[in-house]
4 protein chains.
Amino acid sequence: MLIVMDMHAGPVEVEAVCNEIRSLGLVPHPMPGAQRTAIGITGNKGSVEAARFESMRGVMRVIHVTAPYKLVSREFHEDNSIVKVGDVAIGGTGFVVMAGPCAVESAEQIDEVAHRVKLAGAHILRGGAFKPRTSPYSFQGMELAGLKILAGARKEHGLPIVTEAIDHESLDQVAEYADMVQIGARNMQNFSLLKLAGRCGRPVLLKRGMAATLDELLMAAEYIANEGNPNVVLCERGVRTFADHTRNTLDLSAVPFIQRTSHLPIIVDPSHGTGKRHKVAPLSCAAAAVGCDGLMVEVHPHPDSALSDGPQSVDPGQFDDLMKRVTAIIAVVGRSLNCSQ
Amino acid sequence: MLIVMDMHAGPVEVEAVCNEIRSLGLVPHPMPGAQRTAIGITGNKGSVEAARFESMRGVMRVIHVTAPYKLVSREFHEDNSIVKVGDVAIGGTGFVVMAGPCAVESAEQIDEVAHRVKLAGAHILRGGAFKPRTSPYSFQGMELAGLKILAGARKEHGLPIVTEAIDHESLDQVAEYADMVQIGARNMQNFSLLKLAGRCGRPVLLKRGMAATLDELLMAAEYIANEGNPNVVLCERGVRTFADHTRNTLDLSAVPFIQRTSHLPIIVDPSHGTGKRHKVAPLSCAAAAVGCDGLMVEVHPHPDSALSDGPQSVDPGQFDDLMKRVTAIIAVVGRSLNCSQ
Amino acid sequence: MLIVMDMHAGPVEVEAVCNEIRSLGLVPHPMPGAQRTAIGITGNKGSVEAARFESMRGVMRVIHVTAPYKLVSREFHEDNSIVKVGDVAIGGTGFVVMAGPCAVESAEQIDEVAHRVKLAGAHILRGGAFKPRTSPYSFQGMELAGLKILAGARKEHGLPIVTEAIDHESLDQVAEYADMVQIGARNMQNFSLLKLAGRCGRPVLLKRGMAATLDELLMAAEYIANEGNPNVVLCERGVRTFADHTRNTLDLSAVPFIQRTSHLPIIVDPSHGTGKRHKVAPLSCAAAAVGCDGLMVEVHPHPDSALSDGPQSVDPGQFDDLMKRVTAIIAVVGRSLNCSQ
Amino acid sequence: MLIVMDMHAGPVEVEAVCNEIRSLGLVPHPMPGAQRTAIGITGNKGSVEAARFESMRGVMRVIHVTAPYKLVSREFHEDNSIVKVGDVAIGGTGFVVMAGPCAVESAEQIDEVAHRVKLAGAHILRGGAFKPRTSPYSFQGMELAGLKILAGARKEHGLPIVTEAIDHESLDQVAEYADMVQIGARNMQNFSLLKLAGRCGRPVLLKRGMAATLDELLMAAEYIANEGNPNVVLCERGVRTFADHTRNTLDLSAVPFIQRTSHLPIIVDPSHGTGKRHKVAPLSCAAAAVGCDGLMVEVHPHPDSALSDGPQSVDPGQFDDLMKRVTAIIAVVGRSLNCSQ
């Protein structure tokens, strides 16, 4: 922490701040400058509350120097983490593709999609059984029946399953039936749910909140890791901005930032990111090129009659094309669809 | 719903869209214009899924005409709702003040604050027993012990209690001990929690999410009302923007918008909105002047040693001054601190 | 400036950074901590380019400590500045009101508005002769003819004139005919225009850009002051955010921030800030309560037939009401409409 | 335009709106629905001012149906536009690369960079002679001397030149010395400058403003085209959001949106978009993969001693690597570096 003094602060104010620092068992480092004095603090193990300094006489500003996450930080763990979902390794040289409909609607729908996305090269089947919907009058998902359909598709097609949990009850059920638990954007700071996800015994796919900074995303991952579950995969899915030509603004610069800052894998969801079918393929290619560890893509056999988020889903034929282009692009950045690690 | 056709769309494409509309039991109203045709839809009771039209040949854009909330809409309920918390009426001519510390830290702290804020004119005591914190390493609240302290202060000082619930377990406890359940900004779209809040038997204070539009805030309130609980008070507490001089950007224009659109009361929280103590009083005055139904203010007996959010808390002396200024301003807009109505 | 080293940086990397600092004639202050070393820099008069440090081995982050503005900073000039526009003093105990139509449309329109706003208590007449419009097909203003109409109204009604300049040519004309030159939000970082405004011999009303931080607003004011013109009044008029219920999000917290950071006066424009007539009066009251130095309000005799921005203009009767409420509120915060000081 | 009536509006209010529409020579299309009536308007050639309807009794909302640009719209011009800069064709199957330093600093610097970027495959040399800088105390560019250095480099290395104009004076000089005039993000809504750019006789590179919607970007291009200059290339360079890990948030979804909506070419600037050197190569690859028509990349022979924006510049060796990866990726999307078309 660094405390910046007002230009008009004199030796008395500086000494008072230094004394307060010493009273916490820490070491002050006053640096008198041409215009003002700044005071560095060392000796702290965790974070120091800024409040006790901000209101002291002569203090202009308090600056935090170190990020507050540890377990998920690359500084504390230099090598990439590899998260296994069934036999699929995420975070190695393989490029993982999770695909499937926004919502589970029937066994036939899931069977048809699972068949097609597996043929096209996808590794993991997605599909929502519990749907967080803005309106109470919208379809809220098939719940347990949906989980059973997904589990049936896993048996039939051999694809591991990822699906979203939205509360304690659904988390228990998802952990029982699925291979990976998804925490959605709206729950990224539902800290109770994060703690439970940290104890659920399954790898977790953690989506970035609509207005979350990357530090907050990493702190949310830290909640999960701090409960003993290091198997977290991050997911960029677009943030809310003033721009109105897409539902969200996909922030691909999150990928190189996370890769420098954390050892956790990061994938990209271009379907929620853009909200429009015709943007899914170009932004999937862009995500592959930026160097992320995989994609999550919404695929529906008949997008125009989907019960939720139809406009952002591609159909199986469009997904085939998308996979061909993505496969060629990941080859350029030294990856392949081989995730058997 | 209105469907806008491409300039190049001909009679065949227009007729196909009209047929699709008829197939849903609705009535199409084609309007041929100089450059393009638009097609209105009537006959729908609820909302129509835009997806099935957006991908039809010749369709340029689909525009939703009506907001999806009903129970909380002023169109369906013209008079202001008045929400009672204990004996305190929110939404009438009285101006309600909720005050207290960010977090309950001890019985002494709560006793001291309750005494002072009541003296200054506040109606409801606030204090967090369950704290949603960005970092897992920060103080997470006294939980049940904190609720008991609050309940004790109610008995001692005669102030109703509002405090936050963050999950199912804490909601049950809050509903037992407190007079009003707060749903925080991070949980505004935790739809499971909203449904439970709708069945908890207590009035609910619903805070706007950091990146929530006002339509989304009203839809969240609709979740609560739809479970049978009409006693919802909305709270503007600042939104996340690029601006970096405050923690959040307090959006006071939310107040006149909500007042035209909904019959629910709306209050303002200038403490979280600004994150800085010296801005709390000016923005409390601004909120009073804009015509909202009340304030929620963080007051701590010793802000600089607070366990959470100290920098945004005022001390009891500063709160006295704030109340004097606010009292004078609400008189100008025809209100008073008398909430016994 | 503070340089934060990576956890893994050793004495060699720290010494290399210290040497680079010394090579610039500055003094390094290394502070070894439990996890990492930070290095303070003193001895710099102006700002140091961060670039040369950011890419050095072992450097994690470079933090700027001091804001880059001087002339407009309260640290360098403790007392409030008072800017005179004709006989009207802005920034003292008086609360200034600038009012008039978005665009000058005719002599009759200006005469009618000037008469009414003066009666209601306004001090300065506003009206656009040069209009920056998003579309090339929209009305672009009466230009020189508009300036002459405004000058005529000043003579007739005794109100000083403020109007916008949008380029070099219009700035020369505005400086000749008007009492105060307005630089609009879209030109806040048109640095050529700012420099000319600094040499134009008139006080300047500088509006915050739609996506400008307050540091950038103050740097824009510094451009004007640096050319020798200290007579700058700042104006908050709303910023662009995700919120879609208003055209812009009025950021009233800018007022207390600017008042702590700068000695320049700051006023608020609630018309552009909200874009809706029914929000102008409530937000004018809020601005008055937050403690700003005045208002700029769009008033049109017949808003519904206005050539530009009609929906955000109030009519003279609504303005009368607004002024009554504002007058009562500024009394609470110790101000009056007397700006003759 | 569509006018949505309040639920409580009766036949009298609907008829009044219809009469107002007819009084403008337009045709009303009332559509009575289950809950409310909507009224479509046809017959308008240009846009209708919403103001005159918004305040009528019983009107809830006015919705604009058609975008206001024509010349730059794909609806009015189906084929891609190809813009020639010297012999370089932008917008065809070739992928154009503009590269060079942020600011011209010396003839030697430009000579060295021009040599290296040409070798690596770039088509156009960039370099700022007039620099819009946030602080008046920062280096403002070499101005005319810088333009002469660029012109010398064109002669020596055979690369066309693109450089920014910031006001009328610099625009005249840039149009004389350079092959393409750049309008920067801060001037995207400097409408006087746009009009002049429309008459300057040179192709224009128009950068998206920091808070500009894509409709506003296209309207700015319409200003240029409306003055008779159809040779406009758009540039996405990042927008301002709450995200703080990059200077701006690069919005790659702008590319597919613009390509559907307009016939103008669009390139991407990943240097300003991210503000950090290590993100330039990954985001260049992403931009190539998303399908844009080219890149603008900052390259400096010695980034760490650059006079402006060093941290976001790559050095020539890094640029060589970037070009190799980009070349491989554009092949996947069916493009090449051959822009001689």
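Protein chains get the first letters and strands the later ones, always in sequence-line order, with residue 1 at the start of each.
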Return the minimal non-hydrogen interatomic distance between [X] and [Y], and the atom names on each side.
X        : Y        : value
B:Ala243 : C:Asp251 : CB-OD2, 4.3 Å
B:Ala289 : C:Ala289 : CB-CB, 3.7 Å
C:Arg240 : B:Phe242 : O-CE2, 3.7 Å

Top contributor to chain B interface from C:His245, C:Lys279, C:His278 [non-hydrogen pairs under 4.5 Å]: C:His245
Test side chain to side chain contact (heavy atoms under 4.5 Å, CB included) applied to C:Thr249 and B:Thr249, step by step: CA-CA 8 Å; C:Thr249 301; B:Thr249 301; 4.2 Å; yes
Close contacts, residues 317-329 of chain B versus chain C, judged by heavy atoms under 4.5 Å: B:Arg325, B:Ala328, B:Ile329
Side chain to side chain donor-acceptor pair (under 3.5 Å) partners of C:Asn80, counting only residues at least two apart: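 Partners of C:Asn80 by the side chain to side chain donor-acceptor pair (under 3.5 Å) criterion, ordered by chain and then number, come out as C:Arg74.
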Heavy-atom proximity to chain C below 4.5 Å, by part of B:Val332: side chain
Heavy-atom contact with chain C under 4.5 Å, split by part of B:Ala212: backbone
Worked check of side chain to side chain contact (heavy atoms under 4.5 Å, CB included) between C:Leu283 and B:Leu252: CA-CA 8 Å; C:Leu283 287 161; B:Leu252 289 179; 4.0 Å; yes
Top contributor to chain C contacts, counting heavy-atom pairs under 4.5 Å, from B:Gly291, B:Ser284, B:Ala286, B:Ala281: B:Ala286
